[in-house]
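One structure is given below, encoded as structure tokens.
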2 protein chains.
Amino acid sequence: MIINKNCILRLSRYKNALTRLKSLGFVKVFSDNLADAVGVASSQVRKDFSLFDIQGKKKGGYLIDELIEKLNIILGKNKVQKVVVLGAGNMGTAMMNYRGFEKEGIKIMACFEIDPEKFNRDAIIPILPLDELKTFIKEHKIKLAILAVPDMAAQQAWGMLKDAGIQGVMNFAPIRLRDAEDYVINNVNLELELENVVYFVNALNRSKAKE
Amino acid sequence: MIINKNCILRLSRYKNALTRLKSLGFVKVFSDNLADAVGVASSQVRKDFSLFDIQGKKKGGYLIDELIEKLNIILGKNKVQKVVVLGAGNMGTAMMNYRGFEKEGIKIMACFEIDPEKFNRDAIIPILPLDELKTFIKEHKIKLAILAVPDMAAQQAWGMLKDAGIQGVMNFAPIRLRDAEDYVINNVNLELELENVVYFVNALNRSKAKE
DNA sequence: TAGATTGTTAATCGATTAACAATC
DNA sequence: TAGATTGTTAATCGATTAACAATC
């Protein structure tokens, strides 16, 4: 069974919608409701569920509590996901302070830096020297990392992460990491995302000018 | 002519690859070279170019300088793109300090905040009260914004941006902005991106366990 | 010229959606 | 029962890639 990235993104969105519905007092839901909430066809919802063997009742829809539970297990939210951050620059610091992760069950355990001036062992999320990376990751059995170092340092940092046993990375450096075949790499390139907005705004204005 | 988001992302990638090739001293390039650099088929490259009426020589390929020039115009990089940031929290601050934008011709003009303690008119990028937003945007003819306020404030902030004449937004709040039909909204949801890594790492380990 | 590369059409591939039998 | 909803198959849609005539 091959699952693509978009499908998983939809599962997360279903889950968020379900949490809202639950907080409004709803107990069950139909594929139609979820489809509306997320903006896809109802058959998409049912197909996504069937890929993960989630079944409803032919006329009664799906029980929200059960559904949330199952989605949480699929998405790995039934246990805390431990993460390290590499680089205590702007993006790394923003990630450490970001409130959104904690409530999604993602716990940032530590940040690793090269600049001694930034070290801080006593912070809630300690900032530690890079050469402690491997020991820390092994000791805490961490599989996930956020890579937020300068572009030039990214490839080398990725080497260290692999060596330490990391399996998945959210990478903010705008380069394609080499030797990453059997690993999970999610590249997030904020320049490109903003450039995209620039293009489509300009295109919008060109088409308006034509009218 | 309908252009999709992925196509524009590829154009940005071609442009980055071309800049590297140029810095290595290359003068011309074939669709095959670019395809390798970006990881698509060479016919994809030629098709993308033909959508924007970019033509090469049947045997001589494309002149790098010319190509970069044309891509820059398409991507709006021939002039400085002015942007405002809403929210001087972690993400907003990270965006203001982010080095990547400047070198891509994107200039953050100001940040707007609700908390008076964060105001700072004298900073290189001033942090100003929200009620100056509209005047500032009109005065500087700004079309783009980065929305980095707390979830609960995002919809209201979007209303203010629209009212001020903003046309495109990179939105970090994990909500779908309402009343955004004729605008360009690019939602960047970092929780979802990291959750995605979580899922695929777990899936990887499950498939390893089976072997 | 022979060989190589473009530009474009046709084929393929994958993902989304529509349709509908099964059934509650 | 009649009506509504699921689960799944088939149809559609869109994007990517292969193929190849044109041509330098």
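Throughout, a chain's letter reflects where its sequence line sits, starting with A, and its residues are numbered from 1.
We find that CG of B/Leu34 is positioned 13 Å from P of C/dG7, with the value rounded to whole Å. When rounded to the nearest whole Å, the span between CZ of A/Phe49 and P of D/dG7 equals 10 Å. Per the geometry, CD belonging to A/Gln55 stands 6 Å off P belonging to D/dG7, to the nearest Å. Atom CG in B/Asp32 sits roughly 14 Å away from atom P in C/dG7 (whole-Å rounding). Computed from coordinates, the A/Asn33 CG to D/dT5 P distance equals 9 Å when rounded to whole Å.
When only modelled atom types and interatomic distance are considered, A/Asn72 and A/Asn78 share no side-chain donor-acceptor pair under 3.5 Å. Under the 3.5 Å distance criterion, with hydrogens and angles disregarded, a donor-acceptor pair is assigned to the side chains of B/Ser42 and B/Arg46.
Note that NZ of A/Lys107 and NZ of A/Lys82 are 9.0 Å apart. Values are rounded to the nearest 0.5 Å. Separation of atoms CG (A/Asn186) and CG (B/Leu194) is listed at 8.5 Å; rounding is to 0.5 Å.
Of all non-hydrogen atoms in B/Ala157 and B/Leu86, the two that sit nearest each other are CB-CD2, 3.7 Å. Across A/Ile3 and A/Leu51, no two heavy atoms sit closer than the pair CD1-CD1, 4.1 Å. The shortest heavy-atom contact between B/Leu67 and B/Ile54 is CD1-CG2, 3.5 Å.
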Where each pair must be Watson-Crick or G-U wobble with both distances under 3.5 Å, what dot-bracket representation of DNA chain C is obtained, with crossing pairs in [ ] and other-strand partners as |?
..||||||||||||||||||||||
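Within the 4.0 angstrom heavy-atom criterion, only backbone atoms of the sugar-phosphate kind lie near B/Tyr62; the bases stay farther away. Among the protein residues, A/Ser31 comes within range of the sugar-phosphate backbone only, with heavy atoms under 4.0 Å from sugar or phosphate atoms but none that close to a base.
Looking at B/Lys77, B/Lys5, B/Arg13 one by one, the single match for salt bridge (charged side-chain N to carboxylate O under 4.0 Å, His left out) with A/Glu195 turns out to be B/Lys77.
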Just by protein heavy atoms under 4.0 Å, how would nucleotides 15-24 of chain D read 5' to 3' in B, S and -?
SSBBB--BSB
